[in-house]
Undergrad: 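Submitted below is the structure of interest, expressed as structure tokens.
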Amino acid sequence: MSLKNIPPVDEILAQKPVAKLIDKYNRDFILKLVRKAVDQQRQEIRASAKSLERAQILKEIVGKLGRLAEENSRGTLTRVINGTGVVLHTNLGRAPLGDRALRYMQEMAGTYNNLEMDLTRGERGSRYAHVEALLQELTGAEAALVVNNNAAAVLLGLSTLAASREVIVSRGQLVEIGGAFRIPEVMKLSGARLVEVGTTNKTYIADFRNAITDETALLFAAHTSNYKIIGFTEEVGLEELAELGSETRLPVMQDLGSGILFSPGNWGLEEEPTVQDCVKAGIDVVTFSGDKLLGGPQAGIIVGRKDLIDAMKKNQLTRALRVDKLTIAALEGTLIEFLAGDPEKNIPIVAMLARTPEQLEKQAKDLHSRIINKIGTHKKVETIELIALEDMVGGGAYPTHKIPGYGVEIKFKGISLEEAARKLRQTDPAVVTRRQEDRLTISVRTLLDGDSETIADLLAEVLAGK
Ligand SMILES: *Cc1c(COP(=O)(O)O)cnc(C)c1O
């Protein structure tokens, strides 16, 4: 046993490379890691039969320290290459931001700014003013407000407009999104009482009308973002609901979910009402996410009638749900891209959806040849093929709609598909892929600039067993 050859902590700390680590990090951090490295070394010595010299042990511990310092000072958020073809992948952080949003956010993050100061008058201003005018212009709404996410927007809307009163909702729209957001639960939390009308597959405007009482405060509609009832169905239209609202003087609120500013019809997706359509139809309050099809930061955007939005601004909940300067900067950058820029080019998720089959095929050919170049003749690879596949919008949008895409499919031998996929998830950056039977597939739609080359390198690394 060479346990007694392990040098004392002080001696380790006095080593030159360790002093350098203390300079780079801090002393307490390195001291903790020295103890950890010594423990590891002790276990290794116990587990192995060979005995080590003191100098050798010292060298091993110092070597371990560098790696430990590196590992323990890294954040746990890791860059992921999205090879799934799911554009709005909630587990992968939904929408990557465009350049304009990124630049603006970075600049505002590291400086002071006029978040809540009216610089003309030198008085306190509103943080919401920064995006309000843009949202008015883009959606045609009278007023706007932004909170933490769409779940918060719905909660705030219900709490402000209907607390301890009744809200009428179609049974076909009592949705659950992403496991954590359920309309009935949010309703309960807001203090509003849910009145369900119609049936799962059919609800008529008469069902709403018949349910209105003195207790009714709000008519509510939710976008059934992540599922679709098909067959014998009937839902109440936007105009009908808006009409009933104005006739009965009840506000109408719609949770639009994804929220689009221009119709995705020209990307081969089904037509959907845009935010502007809802406003034009007379819906009083529309809520939607900032990081779904808008392609911006996580946020809950509320647009609509000024008196109702003003009431929401005064609700104490708004303070708890408020967004910070980073969100506001990223959202402003994103909205300006829609207003004055080229979203199909500069907002990543819009660009991904707008890509033509020809462009995707070309991109897949490029990925295919890069992978062939790197691992085409590897003994653990059976086939590498260019394939057509189906992508998804994701994020609870367009649940049933598959969009034609392209990618590369790899069949391994001598390494299981599970192992290859797991190892790829553990590279830096990580690569998340899809599987099709016994093949690993990578869709190119969701790749960002430079990802193809990185994937080829990482595949080679994984196969080399590093
Ligand atoms: C996604 C979604 C939500 C939740 O939005 P977050 O921004 O994730 O909080 C709520 N309602 C609908 C209809 C949705 O699609």
Side-chain angles (χ1 to χ4, degrees), residues 86-97 131 135 144-159 161 167 169-190 192 194 203 218-229 235-236 238 241 252-261 264 269-270 272-275 277-278 283 285-304 312 317-318 320-324 326-328 330-331 334-335 349 353 392-401:
V86 179
V87 176
L88 293 168
H89 203 306
T90 300
N91 301 151
L92 303 183
R94 285 198 192 154
L97 295 175
V131 277
L135 284 166
L145 176 61
V146 177
V147 289
N148 181 57
N149 57 11
N150 187 31
V154 175
L155 176 66
L156 177 64
L158 291 171
S159 153
L161 305 176
V167 179
V169 191
S170 160
R171 275 210 173 80
Q173 296 182 347
L174 294 173
V175 294
E176 169 176 314
I177 312 279
F181 178 86
R182 292 174 157 192
I183 296 279
E185 306 292 325
V186 177
M187 196 80 72
K188 208 178 285 169
L189 204 59
S190 74
L194 172 66
T203 303
L218 184 69
L219 309 179
F220 181 83
H223 192 280
T224 54
S225 311
N226 56 3
Y227 71 101
K228 198 166 193 158
I229 301 177
E235 262 307 343
V236 173
L238 289 178
L241 202 60
V252 180
M253 175 162 141
Q254 169 149 40
D255 171 13
L256 202 51
S258 203
I260 43 175
L261 293 177
L269 290 171
E270 218 171 294
E272 283 262 329
T274 60
V275 178
D277 291 338
C278 298
I283 301 291
V285 175
V286 183
T287 70
F288 55 102
S289 291
D291 56 351
K292 288 188 181 169
L293 286 172
L294 196 70
Q298 177 189 303
I301 302 170
I302 313 172
V303 301
M312 289 182 210
L317 254 186
T318 301
L321 304 176
R322 84 176 183 189
V323 282
D324 73 332
L326 301 186
T327 301
I328 289 176
L331 187 58
T334 305
L335 294 172
I349 68 112
L353 290 168
M392 303 267 283
V393 177
Y398 290 91
T400 54
H401 197 96

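The residues of the chain are indexed from 1 along the displayed sequence. One-based numbering, in listed order, for ligands and for the atoms of each.
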Undergrad: Applying side chain to side chain donor-acceptor pair (under 3.5 Å), can you list everything that pairs with Asn149, at least two apart in sequence or on another chain?
TA: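 None.
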Undergrad: Which of the atoms of ligand 1 are close to Ala151, meaning less than 4.0 Å from one of its heavy atoms?
TA: 5 (O), 6 (P), 9 (O)
Undergrad: Is any side-chain heavy atom of Met312 less than 4.5 Å from a side-chain heavy atom of Leu317?
TA: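 No, their side chains stay 4.5 Å or more apart.
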Undergrad: Should Arg94 be listed as contacting ligand 1, given a heavy-atom distance under 4.0 Å as the test?
TA: yes
Undergrad: Identify the two heavy atoms, one from Ala222 and one from Ile183, that lie closest to each other, and give their separation to 0.1 Å.
TA: CB-CD1, 4.0 Å
Undergrad: For a quick test of reading the model, state the closest non-hydrogen atom pair linking Met253 to Val154 and the distance between them.
TA: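 Scanning both residues, the minimum pair turns out to be CE-O, 3.6 Å.
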Undergrad: Examine Ser289 against ligand 1 and note whether any of their N/O atoms are separated by less than 3.5 Å.
TA: yes
Undergrad: Can you check which of Asn150, Thr90, Leu88, Val154 brings a heavy atom nearest to atom 5 (O) of ligand 1?
TA: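 That would be Asn150.
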Undergrad: Go through the structure and list residues passing side chain to side chain donor-acceptor pair (under 3.5 Å) with Thr327, not counting sequence neighbours.
TA: Asp324
Undergrad: For the residue pair Gly295 and Ile349, what are the closest heavy atoms and their distance?
TA: CA-CG1, 3.5 Å
Undergrad: Between Lys292 and ligand 1, does any nitrogen or oxygen pair lie at a separation below 3.5 Å?
TA: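 Yes: some nitrogen or oxygen of Lys292 is under 3.5 Å from one in ligand 1.
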Undergrad: Taking only heavy atoms of His223, which atoms of ligand 1 are found under 4.0 Å from at least one of them?
TA: 13 (C)
Undergrad: Any N or O on Asp255 sitting closer than 3.5 Å to an N or O of ligand 1?
TA: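 Yes, since at least one N or O of Asp255 sits under 3.5 Å from an N or O of ligand 1.
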